[in-house]
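In what follows, chains are A, B, ... by sequence order, proteins preceding strands, each numbered from 1.
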Protein chains: 2
Amino acid sequence: MSGKTTIYDIAKELNITAATVSRALNNNPKISKATRKLVLETAAKMNYEQNKLALALKSGKSYNIGVIVPRIDSNFFASIIRGIEEELYPKGYHVIICQTHDQEDLEIGNINSLLNAQVDGILMSISNAKLEDNQSFQKLLKKNIPLIFFDRKKDIKGVSSVTIDDFKGAYDATKHLIDQGYKRIAHLSNDRLLLIFKNRYLGYKQAIIDNGLEFDESLVIETQSKVHEGKKTTKILLDMERPPDAIFSSSDFTALGAIQEIKERGLRIPEDIGIIGFSNEPFTKFMELSITSVDQSPTEMGRITAQVFLEEVNNGKKIKSEKHVVLSPELMVRKSSRREN
Amino acid sequence: MSGKTTIYDIAKELNITAATVSRALNNNPKISKATRKLVLETAAKMNYEQNKLALALKSGKSYNIGVIVPRIDSNFFASIIRGIEEELYPKGYHVIICQTHDQEDLEIGNINSLLNAQVDGILMSISNAKLEDNQSFQKLLKKNIPLIFFDRKKDIKGVSSVTIDDFKGAYDATKHLIDQGYKRIAHLSNDRLLLIFKNRYLGYKQAIIDNGLEFDESLVIETQSKVHEGKKTTKILLDMERPPDAIFSSSDFTALGAIQEIKERGLRIPEDIGIIGFSNEPFTKFMELSITSVDQSPTEMGRITAQVFLEEVNNGKKIKSEKHVVLSPELMVRKSSRREN
DNA sequence: CTGTTAGCGCCTTCAC
DNA sequence: GTGAAGGCGCTAACAG
């Protein structure tokens with residue numbers, strides 16, 4: 001009893017065969033209305049529930065898909081995941097979420113775990129880890145398991161991706177600072193082996209150059225996306241002989257750290273120094289001194305990633321096309337960068 | 001090729017039978033060292049990987065466990081999940097994370113989804129939804145699927161729980177405000193059908209009474225754990241004839257909203273009004289005006305929840321005991337409540 | 001339309 | 001120690 005009913009039980013009850021029950025349950029056309037109705041009714045009566053494990057074994061599909069992110073406790077990744085869920089749940093998929101915490105061993109471990117879970121696909125944002133070892137990815141490809149990158153991608157042939165135009169996001173942000181009259185703009189970067197950070201750097205640089213400002217490499221510092229790291233790095237910037245009058249940060253968290261340091265020194269924002277972050281984390285809006293930031297429409301990103309996955313599954317790899325979707329970021333101008341001249 | 005090797009392939013290769021291969025792979029004692037070694041070697045050579053789906057079908061265990069939370073984009077729940085992962089990954093489990101977004105239909109839907117995924121257990125923090133319908137829970141119990149509540153529990157017999165002492169957390173926080181000289185302390189509450197909020201309310205009330213202050217029910221307002229809700233509610237409080245001189249909030253987010261409103265009115269924190277939040281979200285520490293809050297050691301909570309689950313699984317329900325772990329919260333005193341008299 | 005048969009990959013008695 | 005056989009629950013040919 002108690003939910004362990006199988007199609008055989010139903011078959012026995014009705015003096016028919018399990019295959020017929022299966023057909024009735026699956027809306028197979030070759031089945032009489034009468035029997036279908038009968039089966040459906042008894043199934044309900046007996047509290048029948050399909051055993052997905054058996055189905056998975058049979059079909060080779062688990063209807064589980066894995067999502068790997070650096071961490072889940074940022075609004076950005078949480079929203080992406082929500083977007084993925086919204087798209088995939090209605091199709092009967094489950095989402096297994098794994099975190100890498102930017103550690104290579106966890107990244108590899110997660111992939112293997114998901115493989116064990118027999119996932120039908122993996123959607124991931126690669127970690128900060130140096131993962132030169134593409135082995136895990138190759139393993140996926142060899143097994144024909146769809147792999148799709150979002151946000152933090154890697155160029156691997158055969159792998160689709162959904163990203164935003166980081167170059168544009170950075171360019172717009174920097175341009176905005178220039179328009180507000182800032183002349184010496186620093187950039188808090190991050191590991192530029194990751195394309196997102198490389199492109200933000202390039203966008204920043206281009207905006208500087210395009211607008212006739214002096215590009216000073218010493219104003220670009222790589223740091224980590226943590227509040228205290230941002231603070232530390234800003235200390236260095238402010239101690240320079242010619243300190244910057246604005247900072248474009250590739251992360252909201254480092255931007256926050258920067259603000260802390262600047263305020264501690266009694267400098268005013270945005271009057272003395274302008275600040276822009278990246279990702280539009282909720283706190284940027286909530287701060288008393290709200291922070292200008294670049295929105296990446298993460299929910300949208302998640303939805304599209306899921307759609308790309310569904311396309312690949314439905315194409316059954318017949319068409320082995322890479323698809324690269326690039327979303328457009330939006331600058332959210334707030335107090336930290338708005339000088340009312 | 002390509003990872004589709006089965007034990008039959010290995011068996012054929014070695015001219016033995018699949019049963020033997022299985023035994024070798026599973027360290028069954030009745031097997032000669034020689035054959036085991038041989039099997040292990042060829043398995044490695046052929047890139048054999050166990051098909052967990054088949055195993056799951058056979059054993060009835062999926063090694064998936066479901067975690068249901070209201071949302072993942074708060075540090076609190078994210079940390080709990082991390083704790084759970086740390087405990088469960090080494091044991092070979094996967095964690096499927098679901099969010100209810102405090103909607104009843106999603107809560108029920110999630111449970112069913114996890115049931116479909118054949119999870120070996122569900123660890124959950126119930127949503128704000130009124131879920132009077134205990135049906136879904138009963139379904140789990142009937143199926144003998146371990147269910148464990150953390151943080152937001154419901155009293156259901158046979159179900160273990162891991163929570164913190166919300167009463168104490170609230171009591172300590174309120175007591176601290178009193179010690180700092182605040183006399184008229186308001187409480188931003190939340191749906192008190194949820195035990196955590198009920199207990200925080202009771203702890204607050206008791207501290208007021210124990211310390212000879214006047215308990216004024218009109219200073220207690222139920223609101224939602226959102227920044228703008230906190231702001232809205234604080235407006236009401238400050239507009240009262242006898243406004244409060246301190247606010248103990250059952251959520252860090254509402255506390256943040258309260259601070260926004262207070263500052264907009266030109267009142268000073270903590271001089272004019274003291275504020276305490278609940279959960280010790282990272283931003284409470286990062287704000288320029290850091291917020292006093294109650295830490296709930298979420299990672300620990302996650303670990304213990306996982307441990308309780310493992311115990312239940314290992315006991316195989318022989319001992320059908322409920323276990324109720326209650327952790328002790330810790331008050332983190334920061335600027336928002338510290339008056340240097 | 002429905003029954004029969006077989007197999008997904010694995011493990012576990014039962015013999016030998 | 002190892003082989004043979006059966007079954008976990010389901011679906012998909014192949015008959016009829």
Side-chain angles (χ1 to χ4, degrees), chain A residues 1-40 42-43 46-64 92 115-120 143-144, chain B residues 1-40 42-43 46-64 92 115-120 143-144:
Chain A
M1 221 57 20
S2 83
K4 292 270 187 179
T5 323
T6 76
I7 51 173
Y8 287 95
D9 299 325
I10 300 177
K12 203 185 299 170
E13 186 75 13
L14 261 37
N15 273 320
I16 56 177
T17 176
T20 307
V21 176
S22 171
R23 282 188 276 253
L25 258 21
N26 290 289
N27 286 320
N28 189 308
K30 344 174 161 190
I31 192 115
S32 74
K33 272 195 170 180
T35 38
R36 166 173 303 145
K37 184 163 175 247
L38 210 54
V39 168
L40 257 35
T42 22
M46 299 176 74
N47 292 315
Y48 169 76
E49 283 175 32
Q50 188 186 47
N51 184 330
K52 297 274 181 183
L53 254 28
L55 203 171
L57 176 60
K58 179 72 183 171
S59 70
K61 288 191 69 174
S62 67
Y63 278 94
N64 279 149
L115 245 27
N116 273 343
Q118 235 73 21
V119 290
D120 296 341
K143 294 197 179 198
N144 265 319
Chain B
M1 221 55 23
S2 83
K4 293 271 188 178
T5 322
T6 75
I7 52 173
Y8 287 94
D9 299 325
I10 301 177
K12 205 185 297 170
E13 187 76 11
L14 261 36
N15 273 320
I16 55 178
T17 178
T20 308
V21 175
S22 172
R23 282 189 274 256
L25 257 22
N26 290 290
N27 287 319
N28 188 309
K30 350 172 158 188
I31 191 113
S32 75
K33 273 196 169 180
T35 38
R36 166 173 303 143
K37 185 164 176 244
L38 209 54
V39 168
L40 258 36
T42 20
M46 298 176 76
N47 292 317
Y48 168 76
E49 283 175 33
Q50 189 188 46
N51 183 331
K52 297 276 181 180
L53 254 29
L55 204 171
L57 176 59
K58 181 71 185 170
S59 70
K61 289 192 68 174
S62 67
Y63 278 94
N64 278 149
L115 245 26
N116 274 344
Q118 236 72 23
V119 291
D120 296 342
K143 295 197 179 199
N144 265 318

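- Ranked by how close their nearest DNA chain C nucleotide is to the 5' end, B/Ala19 and B/Ala54 are led by B/Ala54.
- The nucleotide whose nearest atom lies closest to any side-chain atom of A/Ile7 is, among C/dG9, D/dT11, D/dG3, D/dT11.
- The nearest whole Å value for the distance from the CG atom in A/Leu55 to the C1' atom in C/dG9 is 15 Å.
- Straight-line distance from the OH atom of B/Tyr63 to the C1' atom of C/dC10: 14 Å, rounded to whole Å.
- Applying the 4.0 Å criterion to OP1 and OP2 of C/dC11, one finds that B/Ser59 has every side-chain N and O outside that range.
- Within the 4.0 angstrom heavy-atom criterion, only backbone atoms of the sugar-phosphate kind lie near B/Thr6; the bases stay farther away.
- What separates CG of B/Leu57 from C1' of D/dT11 is a distance of 13 Å, to the nearest Å.
- As rounded to whole Å, 9 Å separates atom P of D/dA13 from atom NZ of A/Lys58.
- Atom CD of B/Gln50 is separated from atom C1' of C/dC11 by 10 Å (rounded to the nearest Å).
- Side-chain polar atoms of A/Thr17 and A/Thr20 form no donor-acceptor pair below 3.5 angstrom.
- The shortest distance between side-chain heavy atoms of B/Asn64 and B/Gln118 does not fall below 4.5 Å.
- A 4.5 Å side-chain heavy-atom check between A/Leu14 and A/Val39 finds at least one atom pair inside the cut-off.
- As judged by a 4.0 angstrom heavy-atom cut-off over every strand, A/Ile31 is placed among residues touching the sugar-phosphate backbone only.
- Within the 4.0 angstrom heavy-atom criterion, only backbone atoms of the sugar-phosphate kind lie near A/Ile16; the bases stay farther away.
- As a whole-Å value, the separation of A/Asn28 CG from C/dT2 C1' is 11 Å.
- Under the 4.5 Å side-chain criterion, counting only non-hydrogen atoms from C-beta, B/Val21 is not in contact with B/Tyr48.
- Evaluation of atom-type donor-acceptor distances gives no pair under 3.5 Å for the side chain of B/Arg36 against the base of D/dG1.
- The main-chain N or O of B/Leu38 is found under 3.5 Å from a side-chain atom of B/Thr42 such that the two form a donor-acceptor pair.
- When the C1' atom of D/dC8 is taken as reference, atom NZ of B/Lys61 falls 16 Å away, rounded to whole Å.
- For C/dT2, one of the phosphate oxygens OP1 or OP2 lies less than 4.0 angstrom from a side-chain nitrogen or oxygen of A/Thr35.
- The phosphate of D/dT11 has OP1 or OP2 within less than 4.0 Å of a side-chain N or O from A/Asn26.
- Proximity of A/Tyr8 to the phosphate of D/dT11: no side-chain N or O atom is located under 4.0 Å from OP1 or OP2.
- For the pair B/Met46 and B/Asp9, the minimum side-chain heavy-atom distance is below 4.5 Å.
- Atom pair B/Leu38:CG and D/dG1:C1' shows a separation of 14 Å (rounding to whole Å applied).
- Using a 4.0 Å cut-off, no side-chain N or O of A/Ser32 falls inside it from OP1 or OP2 of C/dC1.
- OP1 or OP2 of C/dC10 has not a single side-chain nitrogen or oxygen of B/Ser22 nearer than 4.0 Å.
- Taking 4.0 angstrom as the limit, A/Gln118 places none of its side-chain polar atoms (N or O) nearer than this to OP1 or OP2 of C/dG9.
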